[in-house]
Amino acid sequence: MLTMASGDDNGKKVTPVLRVSQLDALELNKALEQLVWSQFTRCFQGFKPGLLARFEPELKAALWLFLWRFTVYSKNATVGQAILNIQYKNDLSQMQKYQALSKQQKYWYLICTVGGKWLEERCYGLFSNRPLESFRKTKYFINIVFGLLRLCELLNFLAFLQKGKFATLTERILRIRSVFCQPQSVRQIGFEYTNRELLWHGFAEFLIFLLPLINMQKLKLKVSSWSLPISGGTRNENNSATCCKECSLCGEWPTLPHTIGCSHVFCYYCIKSNYLFDLYFTCPKCGTEVQDLQPLKYKLEMKEVDTH
């Protein structure tokens, strides 16, 4: 972890932070919060399900308070900022030299971030379990307030993209600005992850293009023909007699029995649906391609099979 500036570092020059670095710091903060919460919930896996659901907003607020104490309060930077060599600067004085955050700014940062998240989650949980009629006006007012906050965050983000200052609405209200702890050097970009993603997406697109061209039915038949041993003529005769008594696809007694030019029998709906799906459909038993879909004379031919 990089050593962050304290109040004794007042007077050193500051360097503005790139927009992408500020956005990366925000994403790192979100990832850390999710990681901490997931590790915390694992401690209660053996307990009754839903044990933490009732007090989830309060537990999250306590964890975020713990993180705030050892990041923004003590080092003037979040964890994501510390990883990227960034810290907060008090921008109220309009001085070019670095000036650490005041205690009032740190406490207001806690209220706006941790308190704001807790209030939103608690209000949502409170009014989602109550009848809508009794809290209609209150819920409507709260929805308007949160909607206006979302709109202000959107406008602040557009201004951030233009000016490069104050990535969040809280930073703009409190006038705290992100600056580099040390003079920024050339940013090193690792392309290993990007290369892996590009290779995987290219391989996936190739498979999506190739799989429809493979006749899985024929491939399955070839593999089964290699693995099954060749039996004698008596066994083949018994198998053929058995195959005529059951559909070669579903294994049940044939309904509206049909043939495709071989000695095997199929239900009409089984063979018709498979043939419509694959015009090169072959018999799964012997590999014969569909020559002519013909109905069996049920009473005559099936009776002859029974006599044999």
Side-chain angles (χ1 to χ4, degrees), residues 4 6-7 17 22-41 43-44 50-84 86-92 99-130 135 137-160 165-179:
M4 308 306 300
S6 61
V17 180
Q22 298 183 57
L23 295 178
D24 287 344
L26 294 177
E27 292 300 323
L28 288 173
N29 293 335
K30 293 178 182 178
L32 175 69
E33 291 177 357
Q34 294 176 358
L35 179 61
V36 172
W37 177 248
S38 63
Q39 293 293 331
F40 179 77
T41 54
C43 301
F44 298 88
L51 178 65
L52 302 180
R54 184 177 179 182
F55 306 102
E56 183 174 335
E58 287 73 21
L59 293 174
K60 285 185 176 181
L63 291 176
W64 307 162
L65 175 62
F66 178 80
L67 291 177
W68 168 86
R69 172 61 182 82
F70 294 100
T71 55
V72 177
Y73 183 81
S74 60
K75 298 182 179 180
N76 294 312
T78 63
V79 175
Q81 290 176 327
I83 294 174
L84 298 176
I86 301 173
Q87 64 182 352
Y88 277 132
K89 168 186 177 295
N90 188 351
D91 204 49
L92 288 173
Q99 185 176 0
L101 301 183
S102 63
K103 286 191 175 181
Q104 291 77 10
Q105 287 176 316
K106 295 177 181 179
Y107 284 119
W108 277 111
Y109 182 90
L110 173 67
I111 294 173
C112 293
T113 55
V114 179
K117 293 179 182 178
W118 170 82
L119 182 62
E120 183 177 2
E121 293 185 6
R122 177 47 64 194
C123 288
Y124 178 79
L126 179 64
F127 291 104
S128 61
N129 299 326
R130 300 299 182 98
F135 292 91
K137 292 183 179 180
T138 306
K139 186 177 181 179
Y140 179 74
F141 175 75
I142 292 176
N143 289 334
I144 291 179
V145 172
F146 285 127
L148 292 176
L149 286 176
R150 297 292 181 269
L151 179 61
C152 293
E153 289 177 356
L154 175 61
L155 296 177
N156 176 78
F157 184 73
L158 296 177
F160 164 74
K165 295 173 58 176
F166 309 119
T168 63
L169 185 62
T170 301
E171 295 177 2
R172 184 174 297 276
I173 294 174
L174 301 180
R175 304 297 295 180
I176 55 178
R177 182 182 175 187
S178 298
V179 296

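Numbers for residues simply follow the sequence, beginning at 1.
- Distance check: T78 OG1 to L26 CG gives 7.5 Å after rounding to the nearest 0.5 Å.
- D91 and K165 make their closest contact through OD2-NZ, 3.8 Å (heavy atoms, listed as atom of the first residue, atom of the second, distance).
- Two residues are said to be in side-chain contact when any heavy atoms from C-beta on lie closer than 4.5 Å; I83 and V79 meet this criterion.
- Going from atom CG of L119 over to atom CD1 of I111 covers 12.0 Å, rounded to the nearest 0.5 Å.
- Between atom CZ of residue R177 and atom CD of residue E171 there is a gap of 11.0 Å, rounded to the nearest 0.5 Å.
- Of all heavy-atom pairs between G80 and N29, the closest is N-OD1, 2.9 Å.
- When side chains are defined from C-beta on, W108 does not count as touching L101, because their heavy atoms never get closer than 4.5 Å.
- Expressed to the nearest 0.5 Å, how far CD of Q39 lies from OG1 of T41 amounts to 8.0 Å.
- No side-chain heavy atom of K89 sits less than 4.5 Å from a side-chain heavy atom of I176.
- Nearest heavy-atom pair across Y88 and S178 is CE2-OG, 3.7 Å.
- Under the 4.5 Å side-chain criterion, counting only non-hydrogen atoms from C-beta, F160 is in contact with L23.
- A heavy-atom distance below 4.5 Å is not found between the side chains of V17 and L84.
- Residues A61 and V114 approach most closely at O-CG1, 3.6 Å, considering heavy atoms.
- The shortest heavy-atom contact between Q105 and L92 is NE2-CD1, 3.5 Å.
- Residues N156 and F166 approach most closely at ND2-O, 3.3 Å, considering heavy atoms.
- Atom NZ of K106 sits about 7.5 Å away from atom OG of S74, to the nearest 0.5 Å.
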Applying side chain to side chain contact (heavy atoms under 4.5 Å, CB included), run through E121 and K60 and close with a yes or a no. CA-CA 10 Å; E121 293 185 6; K60 285 185 176 181; 3.8 Å; yes
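- Residues W64 and T113 fail the side-chain proximity criterion, which asks for heavy atoms closer than 4.5 Å.
- Applying the 6.0 Å contact sphere to CZ of F141 captures no more than 12 heavy atoms from other residues, nucleotides or ligands.
- Remark: W68 CH2 is packed, more than 12 non-hydrogen atoms of other residues, nucleotides or ligands lying under 6.0 Å away.
- Salt bridge status for R150 with E120: present, with a side-chain N to carboxylate O gap under 4.0 Å.
- Expressed to the nearest 0.5 Å, how far CG of L32 lies from CG of L28 amounts to 8.5 Å.
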